[in-house]
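Working notes for the structure below.
What you see is a predicted model, and the numbers here were worked out from it, not measured in a lab. The first residue in the sequence is number 1, and the count goes up from there. Computed over heavy atoms, backbone and side chain alike; hydrogens, waters and symmetry mates excluded.
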Amino acid sequence: MVFIFVFIILSLAIGLIIYMYKLAHSDQVLYQEISFANFPDSFGEIKLFFISDIHKRLISEDIVTEVKGKVDLVIIGGDLLEKRVPIERVEQNIKLLTEIGPTYFVWGNNDYEINPRLLDAVLLKYGVKILDNTAVSFESEEGARFVLLGIDDISRKRARLDLALQDAGPEGFKVLVSHDPKIQKQIKREDQIALVLSGHTHGGQIRIFGIGPYEIGKLRRTEETAILVSNGYGTTSLPLRLGASPETHVITLKKEWKNSKNPN
């Protein structure tokens, strides 16, 4: 009787681990529309593909096929890799992402676990723009500006939001990319940052009865800004997930018209 009980428990445990492994290696693209009252009319819509926390994973070509031709910009929210990830795998991932569209990158904490010059060289090879406490702006035919800002890693005390804001200038619709969502504590209303894109937390990665070390990834609005924290694409430490599915995002930025319903 005891043997049967132990066998059942072991079978359930093995089944759970297999499920967690498969979940951790699944692919998901979330399509999200976010409306803003101050979004410039002349841009119509801007579509972003956002992916963060790739770590050890190889990006599925199915994801690339699904979003290719549907977005204007690709944004990598840090942690392209971690220690012992072959640079050849990183290069393959970057090659896939740059096939989707113009690509921008911010540093995450794990990206510094190898020689940063190696990663720099691969990003440069494929024309990826590093937003390293800097900003890049795009102008519509009517002269409106869309500004993408990016900061370096907070945990290594390399983040300089002030420099990124200085580079951005005072005018324009601003989207900030920060690997670590803790940057929200530094944002002031006068910074006029409409949206923050972050990862880092993995949504807790393994959540027991809905409880994990971090909140599940989601979009929320504060008095200062809106912030999207992604569950991320890969895993760290154990290649397992539970209750926090991996995700990538196609984000549509658009004008919030008066009396229209905002789904977010």
Less than 4.0 Å between a side-chain N and a carboxylate O, is that true for Lys255 and Asp41?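 A salt bridge is present here (some side-chain N lies under 4.0 Å from a carboxylate O).
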
Pair Glu223 + Arg189: basic N to acidic O under 4.0 Å: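 Salt bridge flag = yes for Arg189 with Glu223.
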
Any idea which heavy atoms bring [X] and [Y] closest together, and the distance?
X	Y	result
Pro181	His200	CD-CB, 4.0 Å
Ala244	Gly203	CB-O, 3.6 Å
Ser52	Gly199	OG-CA, 3.7 Å

[X] vs [Y] side-chain heavy atoms within contact, under 4.5 Å:
X	Y	answer
Leu228	Ile251	yes
Lys83	Asn110	no
Ile94	Leu123	yes

Look at the side chain of [X] and the backbone N and O of [Y], then say whether any donor-acceptor pair between them is shorter than 3.5 Å.
X	Y	answer
Asn93	Arg57	yes
Asn133	Asp152	yes
Thr222	Thr225	yes
Asp53	Gly234	no

Which residue, Gln92, Glu99, Glu91, forms the side chain to side chain donor-acceptor pair (under 3.5 Å) with Lys95? Glu99

Using the rule given for side-chain contact (heavy atoms from CB on, under 4.5 Å), can you reason through Arg221 versus Ile34, listing the C-alpha separation, both sets of side-chain angles and the distance that settles it, and then say yes or no? CA-CA 11 Å; Arg221 294 182 186 262; Ile34 314 178; 3.6 Å; yes

Once you measure the plane-to-plane angle for His249 and Phe50, does it fall in the parallel (<30°), tilted (30-60°) or perpendicular (>60°) bin?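 Aromatic pair His249/Phe50 classed tilted.
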
With under 30° as parallel and over 60° as perpendicular, where do the rings of Phe173 and Phe36 fit, or are they tilted in between? perpendicular

Let's go through Arg241 and Tyr21 carefully: what are the C-alpha distance in whole Å and the side-chain angles of both, what is the deciding distance for side chain to side chain donor-acceptor pair (under 3.5 Å) to 0.1 Å, and is it a yes or a no? CA-CA 7 Å; Arg241 281 184 180 264; Tyr21 181 84; over 6 Å; no

